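The figures here come from the full heavy-atom set of this structure, side chains too, leaving out hydrogens, waters and symmetry mates. Letters A, B, ... mirror the listed sequences (proteins, then strands); counts begin at 1. Small disclaimer: the values here were computed from a predicted structure and weren't measured.
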Amino acid sequence: GAGVSQSPSNKVTEKGKDVELRCDPISGHTALYWYRQSLGQGLEFLIYFQGNSAPDKSGLPSDRFSAERTGGSVSTLTIQRTQQEDSAVYLCASSLVVDSGGYTFGSGTRLTVV
Amino acid sequence: EDKVVQSPLSLVVHEGDTVTLNCSYEVTNFRSLLWYKQEKKAPTFLFMLTSSGIEKKSGRLSSILDKKELFSILNITATQTGDSAVYLCAVLLSSNTGKLIFGQGTTLQVKP
């Protein structure tokens with residue numbers, strides 16, 4: 001695609017429910033990143049994919065968070081048993097070259113846990 | 001712990017003013033420093049700085065890196081209301097993963 005596409009753009013869920021956030025990166029971009037931005041905060045790294053494997057998942061805050069990537073393309077971030085502190089904007093980014101920093105970001109998913 | 005700190009956290013100016021945004025960092029294995037502009041949700045890339053003392057310029061925006069003092073500045077001259085945004089500074093580590101460490105951001109509001 002022309003850009004990084006994320007869905008849904010907004011998600012309101014009840015505490016304790018599971019949610020899935022989707023990221024469709026730019027075609028051909030092998031590196032894919034998930035970041036989280038809480039209100040008034042900078043972006044916090046969650047996980048990095050190179051192809052379908054995740055060499056760095058050090059930013060996942062707890063075992064309720066998991067992510068996968070299939071076909072070297074679409075990625076899904078899953079949050080189980082959501083908590084109110086999970087409320088944030090979840091941003092996905094992709095890049096053609098690993099270690100370049102030259103990401104293209106998606107518009108994010110705003111998750112609100114009530 | 002790797003850390004990136006931006007100042008000020010927020011700034012209100014009038015059109016035509018010049019602003020300077022600051023970013024300092026303490027990281028292991030520094031590779032590059034990047035500036036992004038975030039207007040709604042998606043940050044858009046502004047500059048990547050790798051070498052000290054070399055100014056990068058794009059229109060009214062410019063940025064420079066000081067690797068000895070571990071900071072960077074982003075200057076915006078003749079500000080316009082369209083410059084209102086959150087400006088994010090991030091450091092790319094030499095970790096072969098492309099992971100960025102972000103500062104908290106500076107919220108700039110330009111009034112007419």
Q: Could you look at B:Q38 and say if it's the side chain, the backbone, both or neither that has a heavy atom under 4.5 Å from chain A?
A: side chain
Q: Less than 4.5 Å to any heavy atom of chain B: does that hold for the side chain of A:T104, its backbone, both, or neither?
A: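 When you check distances to chain B, no heavy atom of A:T104 falls under 4.5 Å.
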Q: Side chain, backbone, both or neither: which part of A:Q37 has a heavy atom under 4.5 Å from chain B?
A: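 Side chain of A:Q37 only, per the 4.5 Å heavy-atom cut-off to chain B.
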Q: To the nearest 0.5 Å, what is the distance between NZ (B:K99) and CD1 (A:I47)?
A: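 Atom-to-atom, B:K99:NZ and A:I47:CD1 are 11.5 Å apart.
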Q: Can you tell me how far CG of B:L100 sits from CG of A:L43, rounded to the nearest 0.5 angstrom?
A: 9.0 Å
Q: Kindly check if the number of other-residue, nucleotide or ligand heavy atoms within 6.0 Å of CD (B:E26) is above 12?
A: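 No, the 6.0 Å shell around CD holds no more than 12 heavy atoms from other groups.
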Q: CZ/A:F45 to CG/B:D2 distance, rounded to the nearest 0.5 angstrom?
A: 12.0 Å
Q: Is there a path of hydrophobic side-chain contacts, each under 4.5 Å between heavy atoms of I, L, V, M, F, W or Y residues, that connects B:L49 with B:L70?
A: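 Per the 4.5 Å side-chain linkage, B:L49 and B:L70 are co-clustered.
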Q: State, to 0.1 Å, how close B:A42 and A:F105 come at their nearest heavy-atom pair, and which atoms those are.
A: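 The pair with the smallest heavy-atom distance is CB-O, 4.0 Å.
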Q: With clusters defined by side-chain heavy atoms of hydrophobic residues (ILVMFWY) lying less than 4.5 Å apart, directly or transitively, does B:V27 cluster with B:V5?
A: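 No, separate clusters.
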Q: Should B:L33 and B:F71 be regarded as members of a common hydrophobic cluster, given that ILVMFWY residues are connected when their side-chain heavy atoms come within less than 4.5 Å of each other, either directly or indirectly?
A: no
Q: Does atom NZ (A:K15) have a neighbourhood of more than 12 heavy atoms from anything else shown, all under 6.0 Å?
A: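 Open: at most 12 neighbouring heavy atoms sit under 6.0 Å from NZ of A:K15.
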Q: Does A:V12 share a hydrophobic cluster with A:V113, counting links as ILVMFWY side-chain heavy atoms below 4.5 Å and allowing steps through other members?
A: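 Not linked; separate clusters.
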Q: Do the side chain of A:Y35 and the main chain of B:F102 share a donor and acceptor less than 3.5 angstrom apart?
A: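 Side chain of A:Y35 to backbone of B:F102, a donor-acceptor pair under 3.5 Å: no, none is there.
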